[in-house]
Amino acid sequence: MTARSSLLGDLDADVTLDAPIGAMTWYGIGGHADILVSPKSQEALVTLMQRCRAEEMPVRVLGGGANLLVDDGGVDGVVIRLDHEHFRSTAFNARGDVTAARVGAGVDLFRLVQDMARRGLAGFEMMAGIPGTIGGAVRMNAGGTWGAMSDVLEVITAVDFDGLLRSWNASDLAFQYRCSNLPPCVVTDVTLTLHETDPIDVRDRVKQIFQHKRASQPMADHSAGCAFRNPKDPTTHEPLSAGRLIDEAGLKGHHIGGAEVSDQHANFIVARPGASSTDIRKLIDEVQARVAKTSGIELEPEVVIWQRGVDP
Ligand code: EPU
């Protein structure tokens, strides 16, 4: 039996070899994955994780690809995508004046924001205009000025890297700015707590947040959202804006090949036609170096970079 058949044989999943995952990201650039697997059930995911562990196969999880740059050389091992119907359902359960929403990890954030607004469920508006899936948003505690995923998270269910089904109460975990202490795992679904209110109020708030973003961020361009995390002032520990620091370093519009610092918001590195992942990475490095020189602050990339041979 080959390693590939012991890994994938009899698995209830869609499997693509040499899958063009770079094209599936918001950047729309970068190489292929050796193996892309889309399990059709939680059992299939458990089996896959157990087999990957036994074969010592690297595992990466592809969410909506909104915060991801895939290297031009692609990635090795297994990339898992929870885009099958089984991982894309949502169920609502009213409990007095709060509603619990059980949401599959593969559910798209845009769709969920709209769904919540239509039902008059308040609390999730802060995710308006943030691309990606629920699974990815939980992992990185996605959010912005108006709040973060952790504000509404109640329970997280996942399969860990040993293939064990696990569950955590969000209140037992520590969520911080764009990170958490959630152990390495593949999130399969979450329970969110929302408050019932007038659908018009929720829709208005979503609209307001969306308009603010459209005015200040290059939402129509290919990017991975903000390229760098907002740093803290080393003396006062107050949060600083990475966008402002890059802007003050005079880098708006600066480009390397097809990679360009957005003119609209300097913390967005956008991919123009013909850009490669290498262009983007070179520009990330250059922005870091220039900002360190002008402000003394080391910017840390927010965008996740996947590379062959580098541990996920
Ligand atoms: N600014 C500039 N020049 C720029 C960009 C911004 O001077 O090129 C100034 C703005 O004028 C403003 C300040 O910097 O006074 C802060 O800018 P903004 O309000 O755009 O917020 P941000 O801190 O840059 C954060 C998140 C965004 C999120 C927005 C709105 C990070 C790194 N960024 O941006 O998240 O959309 O708040 O909620 O946390 C992301 O995570 O991918 C992302 C885009």
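Keep in mind that what you see is a predicted model, and the values were worked out from it rather than measured. Start at 1 and go down the list; that is how both ligands and their atoms are numbered. Residue numbers run from 1 in the order of the sequence given.
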Looking at Arg51, I want to see if its CZ is surrounded by more than 12 non-hydrogen atoms of other residues, nucleotides or ligands under 6.0 Å.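 Atom CZ in Arg51 is crowded, with more than 12 foreign heavy atoms closer than 6.0 Å.
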What do we get for [X] next to ligand 1 when only non-hydrogen atoms under 4.0 Å count, side chain, backbone, both or neither?
X	answer
Ser241	side chain
Asn267	side chain
Phe268	side chain
Glu248	neither

Please answer whether the main-chain N or O of Gly22 pairs with a side-chain N or O of Thr25 as donor and acceptor at a distance below 3.5 Å.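 Such a contact is found between Thr25 side chain and Gly22 backbone.
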Ion pair check, [X] and [Y], cut-off under 4.0 Å:
X	Y	answer
Arg119	Asp115	yes
Asp34	Arg308	yes
Glu154	Arg95	yes
Arg60	Asp76	yes
Arg166	Asp160	yes

Below 4.0 angstrom from a heavy atom of [X], which ligand 1 atoms are there? Numbered from 1 as shown, please.
X	result
Arg178	39 (O)
Trp146	30 (C), 38 (O)
Lys252	8 (O)
Glu302	32 (C), 40 (C), 41 (O), 42 (O)
Gly225	42 (O)
Ala266	4 (C), 8 (O)
Phe228	32 (C)
Lys213	36 (O)

To check your reading of the model: name the closest protein heavy atom to [atom], its residue, and the distance in Å.
atom	value
atom 22 (P) of ligand 1	Asn230 ND2, 4.0 Å
atom 37 (O) of ligand 1	Thr145 OG1, 3.2 Å
atom 19 (O) of ligand 1	His212 NE2, 4.4 Å
atom 39 (O) of ligand 1	Tyr177 OH, 2.6 Å
atom 9 (C) of ligand 1	Arg244 NE, 3.8 Å

Could you pull out, from Ala142, Ala227, Cys226, the option with a heavy atom nearest to atom 42 (O) of ligand 1?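 When every heavy atom of Ala142, Ala227, Cys226 is considered, Cys226 comes closest to atom 42 (O) of ligand 1.
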Where the closest heavy atom to atom 24 (O) of ligand 1 is concerned, which of Gln217, His265, Glu300, Met140 has it?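 When every heavy atom of Gln217, His265, Glu300, Met140 is considered, His265 comes closest to atom 24 (O) of ligand 1.
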No-hydrogen, no-angle side-chain donor-acceptor test under 3.5 Å, [X] and [Y]:
X	Y	value
Ser277	Asp71	no
Ser6	Glu55	yes
Ser150	Asn141	yes

Do Glu302 and Arg178 touch side chain to side chain, with heavy atoms closer than 4.5 Å? yes
Test your reading of the structure: does Arg229 have an N or O sitting under 3.5 Å from an N or O of ligand 1?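 The answer is no, given that Arg229 and ligand 1 share no N or O pair closer than 3.5 Å.
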Is it the case that ligand 1 has an N or O less than 3.5 angstrom from some N or O of Asp247? yes
Under the ring pair (Phe, Tyr, Trp, His ring centres under 6.0 Å) criterion, do Phe87 and His84 qualify, and how do the steps go? CA-CA 6 Å; Phe87 298 101; His84 187 269; 7.4 Å; no
Would you please classify the geometry between the Trp146 ring and the His212 ring as parallel, tilted or perpendicular, with 30° and 60° separating the classes? perpendicular
